[in-house]
Amino acid sequence: MPPAAELRIASFADLSTRAFHDLLRLRVDVFVVEQECPYPELDGRDVEPGTRHLWLEHAGVPVAYLRILAEPDGRPRIGRVVVAKEARGEGHAGRLMAAALAEVGARPCVLEAQSHLVDFYVRHGFAVDGPEYFEDGIAHTPMRRDAPA
């Protein structure tokens with residue numbers, strides 16, 4: 001059994017240039033190349049002071065990533081949830097989501113799920129919060145997680 005991937009959490013200001021490069025490469029490799037969605041990956045939100053970057057790395061290489069944004073209404077937004085193709089099926093997404101929800105705490109939060117992953121997010125306490133829509137040719141579903149009782 002390979003050693004567990006290490007959890008990392010940082011603000012943009014605390015990311016090394018190399019770490020940011022490697023995280024962007026993972027996102028682009030999956031969202032732009034693998035899913036064939038040419039879109040501007042750099043949206044300006046990574047550098048916002050309230051953004052938290054969470055990732056798992058193995059031997060110094062990111063294998064899974066997500067970010068938590070601070071929305072204007074105060075709710076955290078989880079996004080850019082990604083696992084490297086060669087690391088899928090090892091529980092990385094679930095571990096990363098648990099870490100993100102620990103960061104969020106009792107606050108309600110939202111996300112835009114790729115629709116085929118709705119059940120994954122339901123297992124983490126999210127509920128569908130609107131109609132399905134298409135973005136870059138991929139079905140998405142808005143979801144929310146209310147404050148735990």
Kindly indicate whether the side chain of [X], heavy atoms from C-beta on, has any atom under 4.5 Å from the side chain of [Y].
X: E57; Y: V63; value: no
X: E90; Y: R88; value: no
X: R27; Y: R67; value: yes
X: W55; Y: L15; value: yes

Task: No-hydrogen, no-angle side-chain donor-acceptor test under 3.5 Å, R80 and Y65 - done: no
Distance (rounded to the nearest 0.5 Å) between [X] [atom1] and [Y] [atom2]:
X: I68; Y: E103; atom1: CD1; atom2: CD; result: 5.5 Å
X: T51; Y: R45; atom1: OG1; atom2: CZ; result: 6.0 Å
X: R77; Y: E71; atom1: CZ; atom2: CD; result: 4.5 Å
X: L96; Y: L101; atom1: CG; atom2: CG; result: 10.0 Å
X: C109; Y: L111; atom1: SG; atom2: CG; result: 6.5 Å

TODO: Step through it carefully: locate the ring centre of F12, locate the ring centre of F20, and say whether they are under 6.0 Å apart.
DONE: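 Ring-ring flag for F12/F20: true, centres closer than 6.0 Å.
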Between [X] and [Y], is there shared hydrophobic-cluster membership here, with clusters defined by ILVMFWY side-chain heavy atoms closer than 4.5 Å?
X: F126; Y: L54; value: yes
X: V104; Y: L7; value: yes
X: V110; Y: L66; value: no
X: V82; Y: I138; value: no
X: V47; Y: L26; value: yes

So does [X] pair up with [Y], basic N to acidic O under 4.0 Å?
X: E34; Y: K85; value: no
X: R25; Y: E41; value: no
X: D73; Y: R75; value: yes

TODO: Name all residues meeting the ring-ring contact (aromatic ring centres under 6.0 Å, His included) criterion together with H21; count only those two or more places apart in sequence or in a different chain, and write none if there are none.
DONE: none
Task: Set of residues satisfying side-chain contact (heavy atoms from CB on, under 4.5 Å) with respect to V122, sequence neighbours excluded - done: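 Listed in chain order: V118, M143.
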Open item on the list: Before you tell me yes or no, could you show the steps for V81 and M97 under side chain to side chain contact (heavy atoms under 4.5 Å, CB included), namely the whole-Å CA-CA distance, both residues' side-chain angles and the distance that decides it to 0.1 Å?
Closed with: CA-CA 8 Å; V81 182; M97 185 58 62; 4.2 Å; yes
Do any N or O atoms from the side chain of [X] and from the backbone of [Y] form a donor-acceptor pair under 3.5 angstrom?
X: H53; Y: D46; result: yes
X: S11; Y: R52; result: no
X: H58; Y: L56; result: no

- [ ] Only pairs at least two apart or in different chains count here, so list each salt bridge (charged side-chain N to carboxylate O under 4.0 Å, His left out) that has a residue in residues 120-144.
- [x] D129-R144, R144-D146
Open item on the list: Would R145 and Y121 count as a side chain to side chain contact (heavy atoms under 4.5 Å, CB included) here? Give the steps.
Closed with: CA-CA 9 Å; R145 179 177 170 264; Y121 293 110; over 6 Å; no
- [ ] Dump the intermediate steps for side chain to side chain contact (heavy atoms under 4.5 Å, CB included) on D22 and V61, then the final yes or no.
- [x] CA-CA 7 Å; D22 292 349; V61 177; over 6 Å; no
